[in-house]
Amino acid sequence: MNKIFIVASWADIKTNNGFDRLSYVARTFSNNDFETTLVTSDYNHHGKKFHENINETLFDYKIKLIHELGYRGNISIKRILSHAIFARNIKKYLFQLKKEDYPNVIYVSMPFSTATLACKSFCKKNNIPLIVDVIDLWPEAFIGITSVPRILSQTMVLPWQLLSNKAYRCADAIVSHNYTYLNRALKETKENIPNEMVYLGSDLQFAEKCQEKYDDEIFKGEDEFWISYVGSLAENYDLDTIVLAVSKLKQKGINNIKILFLGTGPYENKLKGLAENLNVNYFITGYIEYAKLIAYLCKCDIAMNAIKNPVIIISYKTSDYFTAGLPIINSSKGELQNLIDKHKMGFYYKTGDVKMLAEKIETLYSDRNLLKQMKDNSKIFANQYLDKKKNYIKLVNLANNMLREKKI
């Protein structure tokens with residue numbers, strides 16, 4: 001049996017039913033004749049605390065926790081230092097392995113480039129194929145969306161971009177969950193290396209179970225119209241515009257719209273203040289279990305992809321929106337909006353344009369036939385393109401092909 005190491009800066013290791021990218025990748029390889037080890041950080045990026053009491057007997061694969069420093073701020077020097085320590089410790093772990101424990105292939109996620117470079121030094125020495133999965137373009141994705149002036153943030157990010165370019169060139173194969181990130185990485189490679197685009201994906205059967213489980217617990221008024229936003233409540237998202245747009249509609253006499261902010265974050269108190277000052281109906285869940293989040297989405301009418309950064313493409317949240325069968329009102333141009341337009345699954349609005357967003361919401365609020373059509377289109381899209389069980393096997397096939405070619 002071939003061995004594979006899945007190296008990830010963070011992954012869901014609470015249960016064997018983790019739905020983040022890398023834990024599902026690990027499960028897929030394990031279920032397809034690979035002896036699989038998920039090598040990940042001992043620090044929980046989302047909860048900002050160290051993992052404790054991991055019951056490895058629950059999983060289809062082995063788990064190896066690698067120590068890092070830990071950090072509080074997502075944009076901070078301490079975070080960069082923490083990831084550098086994580087990479088150093090990965091390298092130390094790999095080079096201390098006994099030869100009989102060597103993997104046949106290593107699959108590493110980016111960010112972060114330091115971890116990829118650490119894996120490459122081991123792979124190069126031992127002739128082991130390295131597959132790089134581009135999950136995010138961190139930290140260049142933050143350019144122009146924080147309070148730091150654009151020119152200054154570009155200067156600050158440049159060294160990391162150069163390091164990322166070096167990491168992309170280390171890959172023996174590149175994969176990603178969208179073509180924009182995939183092509184960004186492939187531009188840096190010197191030759192036409194194997195590559196694959198596999199959406200983050202969704203599990204429609206799981207969504208149905210979530211809906212059934214929480215149906216009685218989540219109450220929605222008969223005449224209420226729910227707008228959902230999933231994710232961090234932070235300044236790099238266009239959250240004020242959602243509240244201001246609903247307030248504008250309220251001034252026109254539309255009083256039954258409720259905004260559901262499914263998440264938490266540093267901007268939460270300011271968001272509450274704005275909504276309460278404008279007397280806008282809202283609900284902030286705080287940290288929420290993934291199954292319950294999906295159940296909430298299944299009761300919503302439309303979803304918001306309200307971001308300030310056009311680099312962010314098809315994210316976990318947009319996959320969840322499609323899975324729940326929701327039209328998306330989206331503020332990012334490019335690949336995601338092209339899909340929304342092509343499949344008639346929502347509208348575009350310009351970041352910060354309150355009038356434009358209010359008009360798009362009112363269109364779907366007033367035309368329930370159009371709303372139903374777009375809901376149906378989202379569900380069809382999820383069925384055809386986002387099914388993890390069908391799509392993730394492509395990654396296993398890629399690894400098997402690379403190993404066959406290596407033997408030849």
Side-chain angles (χ1 to χ4, degrees), residues 19 199-204 207 210-211 214 218 220 224-234 237-246 249 256-263 265 271 280-285 288 290-309 312-333 335-351 356-368 370-383 385-386:
F19 286 89
Y199 287 119
L200 291 172
S202 58
D203 186 331
L204 274 76
C210 295
Q211 202 171 0
Y214 291 103
I218 300 172
K220 180 182 181 184
E224 286 186 336
F225 188 90
W226 283 7
I227 297 173
S228 60
Y229 165 84
V230 169
S232 176
L233 306 184
Y237 296 97
D238 194 29
L239 306 178
D240 286 2
T241 304
I242 304 173
V243 176
L244 293 167
V246 171
L249 292 173
N256 60 336
I257 295 178
K258 184 175 183 178
I259 311 170
L260 272 66
F261 293 105
L262 303 170
L271 195 63
V280 166
N281 192 6
Y282 77 98
F283 175 57
I284 297 176
T285 62
I288 183 170
Y290 181 68
K292 195 169 186 179
L293 181 149
I294 294 296
Y296 267 111
L297 286 180
C298 289
K299 286 195 178 251
C300 289
D301 295 288
I302 59 178
M304 292 296 311
N305 189 46
I307 62 176
K308 296 179 180 179
N309 184 3
I312 298 173
I313 313 294
I314 302 168
S315 60
Y316 285 111
K317 75 178 71 176
T318 52
S319 294
D320 291 338
Y321 293 158
F322 289 132
T323 302
L326 296 178
I328 298 176
I329 301 181
N330 167 56
S331 63
S332 69
K333 291 183 177 179
E335 191 173 335
L336 175 60
Q337 189 56 43
N338 291 341
L339 285 172
I340 290 172
D341 290 340
K342 179 181 178 181
H343 297 276
K344 296 181 172 57
M345 301 181 292
F347 297 116
Y348 168 79
Y349 86 96
K350 185 179 179 182
T351 300
M356 187 178 185
L357 177 56
E359 287 172 352
K360 300 305 180 186
I361 294 171
E362 187 174 7
T363 297
L364 290 172
Y365 176 90
S366 303
D367 190 340
R368 297 306 167 99
L370 177 61
L371 178 66
K372 183 182 183 308
Q373 180 187 339
M374 287 191 167
K375 281 187 172 184
D376 290 343
N377 290 345
S378 284
K379 185 69 77 173
I380 291 167
F381 178 80
N383 269 304
Y385 298 101
L386 301 183

Checklist outcome for this item: dist Leu339:CG -> Glu335:CD (nearest 0.5 Å) comes out at 6.0 Å
Checklist entry - Roughly how far apart are Ser202 OG and Phe381 CZ, rounded to 0.5 Å? => result 9.0 Å
Checklist outcome for this item: Shortest non-hydrogen pair, Asn330 vs Ser332, comes out as ND2-O, 2.6 Å
Checklist entry - How many angstroms lie between atom CD1 of Ile361 and atom OG of Ser366, to the nearest 0.5 angstrom? => result 11.5 Å
Checklist entry - In terms of side-chain geometry, is the basic nitrogen of Asp301 or Lys220 positioned less than 4.0 Å from the acidic oxygen of its partner? => result yes
Checklist entry - Which is it for Glu224 and Asn256 under the side chain to side chain donor-acceptor pair (under 3.5 Å) test, yes or no, and what are the steps along the way? => result CA-CA 5 Å; Glu224 286 186 336; Asn256 60 336; over 6 Å; no
Item to check | Sole candidate of Leu262, Leu260, Thr318, Asn305 that passes side chain to side chain contact (heavy atoms under 4.5 Å, CB included) when paired with Val230 | outcome: Leu262
Checklist entry - Between Thr323 and Leu204, is there a donor-acceptor pair closer than 3.5 Å when you use the side chain of the first and the backbone of the second? => result no
Item to check | Side-chain heavy-atom pair Lys292, Cys210 within 4.5 angstrom cut-off | outcome: no
Checklist entry - Can you find a heavy atom in the side chain of Lys360 that is under 4.5 Å from one in the side chain of Leu364? => result no
Next on the checklist: For Lys344, is there any backbone N or O sitting under 3.5 Å from a side-chain donor or acceptor partner on Asn377?
Outcome noted: yes
Next on the checklist: Can a donor-acceptor pair be found, under 3.5 Å and without considering hydrogens, that links the side chain of Tyr229 to the backbone of Ser232?
Outcome noted: yes
Checklist entry - With sequence neighbours excluded, what pairs up with Ala324 under the side-chain contact (heavy atoms from CB on, under 4.5 Å) test? => result Leu297, Cys298, Leu326
Item to check | Heavy-atom check, side chain of Tyr282 versus side chain of Leu271, under 4.5 Å | outcome: no
Next on the checklist: Measuring only between side-chain heavy atoms, which start at C-beta, is Phe261 closer than 4.5 Å to Thr285?
Outcome noted: no
Next on the checklist: When you compare the side chain of Trp226 with that of Tyr296, does any pair of heavy atoms fall below 4.5 Å?
Outcome noted: yes
Next on the checklist: If I take atom OG from residue Ser378 and atom CD from residue Gln373, how far apart are they, to the nearest 0.5 angstrom?
Outcome noted: 11.0 Å
Checklist entry - Does the side chain to side chain contact (heavy atoms under 4.5 Å, CB included) test come out yes or no for Leu357 and Phe347, once each step is laid out? => result CA-CA 9 Å; Leu357 177 56; Phe347 297 116; over 6 Å; no
Checklist entry - Aromatic rings Tyr385 and Tyr199: how do their planes relate, parallel, tilted or perpendicular, breaks at 30° and 60°? => result perpendicular
Checklist entry - Within the side chain of Thr351, is there an N or O that forms a donor-acceptor pair under 3.5 Å with the backbone of Ile307? => result yes
Next on the checklist: Go through it in stages, so that I can follow the logic: the residues are Met304 and Tyr237, the test is side chain to side chain contact (heavy atoms under 4.5 Å, CB included), and I'd like the CA-CA distance, side-chain angles, deciding distance and then a yes or no.
Outcome noted: CA-CA 10 Å; Met304 292 296 311; Tyr237 296 97; over 6 Å; no
Checklist entry - Quick one: do the Tyr349 and Asp238 side chains pair a donor with an acceptor below 3.5 Å? => result yes
Checklist entry - Closest approach of Ile218 and Ala295, non-hydrogen atoms and distance? => result CD1-CB, 3.7 Å
Item to check | Derivation of the side chain to side chain contact (heavy atoms under 4.5 Å, CB included) call for Tyr365 and Leu249 | outcome: CA-CA 10 Å; Tyr365 176 90; Leu249 292 173; over 6 Å; no
Next on the checklist: So, taking the atom named OG in Ser315 and the one named CG in Asp320, what distance separates them when rounded to the nearest 0.5 Å?
Outcome noted: 8.0 Å
Checklist entry - With a 4.5 Å heavy-atom cut-off, do Lys342 and Asn338 have their side chains touching? => result no
Checklist entry - When rounded to the nearest 0.5 angstrom, what distance separates OH in Tyr321 from CD1 in Ile340? => result 11.0 Å
Checklist entry - Could you walk me through whether Asn281 and Ile259 pass the side chain to side chain contact (heavy atoms under 4.5 Å, CB included) check? => result CA-CA 6 Å; Asn281 192 6; Ile259 311 170; over 6 Å; no
Next on the checklist: I want to check something: taking the side chain as every heavy atom from C-beta on, are Lys379 and Asp376 in contact at a cut-off of under 4.5 Å?
Outcome noted: no
Next on the checklist: Under the side chain to side chain contact (heavy atoms under 4.5 Å, CB included) test against Ile329, which residue among Ile242, Thr363, Ile302 passes?
Outcome noted: Ile302
Checklist entry - Side chains of Ile227 and Lys258: closer than 4.5 Å at any heavy-atom pair? => result no
Checklist entry - Ignoring hydrogens and geometry, is there a side-chain-to-backbone donor-acceptor pair from Lys350 to Ser331 under 3.5 Å? => result no
